[in-house]
Amino acid sequence: IFYYYCIHLRVIATPSFILDISDHWEAKRAAIECYQSQFVTGRPTDQPTIIDRIRDQAAYWGWAINRRYGEPFACKEAIGMSGFDELL
């Protein structure tokens, strides 16, 4: 089971892998902004906003893999493979 590396899963020290989401960041941002009542309405408007923070976190993880944006995932169990070709 792969878990999105969010606040409540940070007990796992490091992500198992980071997915490059650079080509999809604008679509993700637009999708988040569709949920105004959860992410925008009633929240502070001074900088950084919650959208800015999500973008900055994605930029941090992207930096870790030399990409513009990234999303980390974690696995609590060991991942079994028979060869490196299974990573692709």
Q.
Do the side chains of R55 and D52 get close enough for a salt bridge, i.e. N-O under 4.0 angstrom?
A. yes

Using 0.5 Å steps for rounding, measure from the [atom1] atom of [X] to the [atom2] atom of [Y].
X	Y	atom1	atom2	value
I50	E33	CD1	CD	12.0 Å
H24	E71	NE2	CD	10.0 Å
Y69	Q57	OH	CD	12.5 Å
E26	S22	CD	OG	11.0 Å

**Q.** Closest heavy-atom pair and its distance - I18, A64
**A.** CD1-CB, 3.9 Å

**Q.** Nearest heavy-atom neighbours spanning I32 and I51
**A.** CG2-CD1, 3.3 Å

Q. Is any side-chain heavy atom of W61 less than 4.5 Å from a side-chain heavy atom of P15?
A. yes

Q) If we only count heavy atoms from C-beta on, is the W25 to I54 side-chain gap below 4.5 Å? A)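 In short, these two side chains touch, coming nearer than 4.5 Å.
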
Q) Counting heavy atoms not belonging to D56, are there more than 12 under 6.0 Å from its CG? A)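 Yes, enclosed.
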
